[in-house]
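Here is how names work: the chains are called A, B, and so on, in the same order as the sequence lines, proteins then strands, and each is numbered from 1. Please read these numbers as outputs of a predicted model, since none were measured by experiment.
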Protein chains: 2
Amino acid sequence: MAITGDQRLLKRINRMALVRLVRSQPGLSRAELSASTGLTKSTVSLLVQELIDDGWLREDSVLVTGAIGRRPTPLRLDGRRLVLIGAELGVGYVRVVSMSLDGEILYRDDADISVGAEPEVVLKQLADMMAEHINKLVDGGREILGIGVGVSGAVQEGTGVLVVAPNLGWRNVPVKAILDASLQLRTQREFPLFVQNDGDVAALGEVEFANGAVGDPLLFVGLGVGVGSGVVVGGRLLLGTRGFAGEVGHIQLQRNGPKCTCGRMGCAEAYFGLQAMADIRRCSISELRQKAAAEDPQTLEVLAQAGRHLGVLLHNLWTTLDPALIVLGGPSCRLGKAFLQPARDMFEELAQEARLEIPPVNEARFGELSVAVGAAALALHELLLPI
Amino acid sequence: MAITGDQRLLKRINRMALVRLVRSQPGLSRAELSASTGLTKSTVSLLVQELIDDGWLREDSVLVTGAIGRRPTPLRLDGRRLVLIGAELGVGYVRVVSMSLDGEILYRDDADISVGAEPEVVLKQLADMMAEHINKLVDGGREILGIGVGVSGAVQEGTGVLVVAPNLGWRNVPVKAILDASLQLRTQREFPLFVQNDGDVAALGEVEFANGAVGDPLLFVGLGVGVGSGVVVGGRLLLGTRGFAGEVGHIQLQRNGPKCTCGRMGCAEAYFGLQAMADIRRCSISELRQKAAAEDPQTLEVLAQAGRHLGVLLHNLWTTLDPALIVLGGPSCRLGKAFLQPARDMFEELAQEARLEIPPVNEARFGELSVAVGAAALALHELLLPI
């Protein structure tokens with residue numbers, strides 16, 4: 001009997017649902033999958049076998065107990081064959097990571113780029129790094145499932161065009177098209193490749209590589225020279241109509257506040273962007289880090305003041321989005337408690353004034369690799385979307 | 001042959017997809033529906049006939065042209081039989097509207113309630129008004145599809161419990177359970193009944209009763225004694241983890257700003273909530289309206305200042321959510337240009353400083369009925385959700 005479009009779609013939905021279930025509850029058996037999906041045991045067995053053959057799932061060893069009867073076989077994500085590549089196009093650097101399906105980092109590379117470099121030069125370098133990863137992975141018997149790229153700017157959904165990246169000074173760069181072509185030239189192959197904003201992919205990284213269930217909505221706030229965010233709600237990214245959602249570094253925290261690089265005044269980024277904090281302390285970013293590590297009193301006061309402004313931003317975003325979990329990431333997190341504790345305190349204080357409880361505020365699971373890992377998560381996310 | 005669960009689900013998805021398509025493009029023919037859904041013509045014919053029999057769709061008269069051959073029959077929503085009831089539980093009043101499927105208001109009623117009245121007393125009055133509507137509608141040969149209720153507070157999804165409504169002074173009131181029981185007592189029948197936050201339902205009203213497609217994400221900002229919002233993104237409400245999303249009246253606009261009723265300082269509501277504006281002008285809300293109508297210079301200055309703060313809030317929400325369309329509603333809109341124009345100007349000014357273009361900012365389609373009509377839209381929305 002011919003398979004109809006509806007049946008193909010249902011099969012795809014069911015396959016991806018099984019992968020997601022096994023991922024959030026590692027160790028589920030075929031019988032448990034049948035019970036929680038409503039699919040018959042024979043359908044589950046068929047689909048699970050396909051997923052094992054395709055490299056998505058593996059059977060775990062059965063725990064030997066004293067109990068009588070055959071034990072059900074626990075299923076897990078298979079981290080051995082399928083891999084994801086994630087890249088970060090940062091301000092002053094590019095970074096590539098290769099990751100297994102179950103969130104293990106296999107290889108990583110960084111390279112500095114000169115600020116103000118031409119898009120094509122930077123993307124050529126990124127393609128070289130990616131091609132090197134691809135060759136190593138394929139030589140090792142791995143199969144590349146997909147590639148993701150996180151960029152510090154607004155990206156048009158679908159086309160992968162970087163519309164505007166103020167901190168890179170780029171406008172209307174077809175990042176996906178250029179990388180597709182460069183990789184095809186280098187490897188004679190095509191890969192599913194996805195491009196998205198850095199805050200957005202970092203949010204996905206927290207969700208897709210969580211060991212188990214994770215709060216929804218999840219709000220990721222990226223703290224660096226730029227301040228941005230990503231929101232995952234109902235398992236999907238909140239992108240806005242032009243891909244500009246989450247540009248929270250330009251929320252106005254104070255009328256007639258300090259001038260921001262964007263032209264507006266009193267933006268969050270003008271209070272606690274990494275460059276803004278260095279400017280307030282009248283030093284470079286690396287000096288700021290050193291002074292903070294040396295607990296220079298003036299620097300600690302600058303960071304505390306900046307942190308309190310971050311606390312107000314967190315409060316405002318919480319009020320707007322009601323996230324179940326907030327995750328802080330990006331290079332400014334390395335400034336540590338001197339910056340982050342006053343932020344937590346201010347957030348807590350504002351909530352207490354209204355007798356409300358704040359959600360958990362965690363630091364990013366993958367630290368400074370949040371965006372690169374998140375980019376790999378983007379590829380996984382897109383491939384796991386049923387429709 | 002027995003129909004499986006999958007087939008039932010697909011049928012439901014397809015039926016609702018056809019209703020949504022005809023709604024967004026009135027006049028579509030069966031052949032056009034087949035082309036845009038990928039369903040066979042016979043499946044479309046079968047489903048359309050069911051939808052006509054059930055009162056969802058009707059055939060429009062065929063336009064007679066000089067062309068040869070049979071003209072395809074245009075389909076439209078059928079406004080004649082199925083009706084929705086929407087109710088608003090406001091601060092100081094309750095309101096009920098009955099609406100046809102295609103967005104026509106059939107009946108409306110308002111009643112004042114004393115502020116501080118017991119929840120059960122208020123809900124009894126609301127149930128009486130609803131029952132009256134139901135009787136009139138049924139006597140007129142109408143069929144009630146569902147009932148929605150919009151309340152000025154945070155509602156727990158699924159249970160319909162009003163968790164907290166600061167401006168009503170209510171906490172943990174099972175609004176849905178009480179109304180379900182009261183209506184059953186009065187009519188000996190059960191109805192699908194849904195309860196949600198007022199800003200959320202008003203946002204749905206703009207989407208569900210739009211004549212054609214509407215911007216997504218859509219941001220509705222409700223301006224009254226309280227300031228709240230609703231966001232529809234990807235056709236769904238953004239509710240947050242506890243149903244508190246969109247409480248944007250408590251975004252902090254200024255450190256150490258005026259005290260808000262919530263206990264915090266510098267909240268948006270403390271700058272341009274309706275009561276706050278009256279307090280700033282040292283008069284009552286109705287006096288504020290009169291003074292504004294009489295163009296009292298001091299009042300105009302208060303409204304202009306408040307409006308500029310609203311402009312900052314709109315800017316901050318735009319930056320966070322990147323909506324395709326912003327809609328302003330609620331009683332403060334009746335203060336007119338003296339309040340709204342400075343808001344638009346400030347929003348525009350902030351965007352221009354960053355050389356960005358703002359989205360359209362409209363006034364609510366149903367004016368002061370936005371929440372009641374939105375509540376009816378909530379019922380329609382829930383009934384049209386495929387899964």
Between Met265(B), Gln252(B), Gln352(B), His315(B), the one whose heavy-atom pairs under 4.5 Å with chain A are most numerous: Gln252(B)
Distance-minimising heavy-atom pair for Ile251(A) and Thr319(B): N-CG2, 4.0 Å
CD (Glu50(B)) with more than 12 external heavy atoms under 6.0 Å: yes
Close side-chain approach of Arg255(A) and Met346(B), heavy atoms under 4.5 Å: yes
Val233(B) portion near chain A, given a 4.5 angstrom heavy-atom threshold: side chain
Pairwise distance CG(Leu253(B)) to CG(Leu253(A)) - rounded to 0.5 angstrom: 10.0 Å
Distance, nearest 0.5 Å, that separates CD of Glu353(A) from SG of Cys262(B): 8.0 Å
Under 4.5 Å from a heavy atom of chain A, the part of Leu350(B) involved: both
Largest heavy-atom contact set with chain B, pairs under 4.5 Å, which of Ala351(A), Gly240(A), Gly234(A): Gly240(A)
Interchain contact, Val312(A) with chain B, by part (heavy-atom threshold 4.5 Å): side chain
Portion of Leu317(B) that has a non-hydrogen atom of chain A nearer than 4.5 angstrom: side chain
Region of His250(B) in contact with chain A, defined by heavy-atom distances below 4.5 Å: both
Note, Arg264(B) side chain near Leu356(A) side chain (heavy atom, < 4.5 Å): yes
Euclidean distance, Thr320(B) OG1 relative to Leu321(A) CG, rounded to 0.5 Å: 7.0 Å
Heavy-atom pair with the smallest gap, counting every atom of Thr241(B) and Pro217(A): N-CD, 3.6 Å
Part of Leu238(A) lying under 4.5 Å from any heavy atom of chain B: side chain
Largest heavy-atom contact set with chain B, pairs under 4.5 Å, which of Ala245(A), Ala268(A), Gly246(A): Ala245(A)
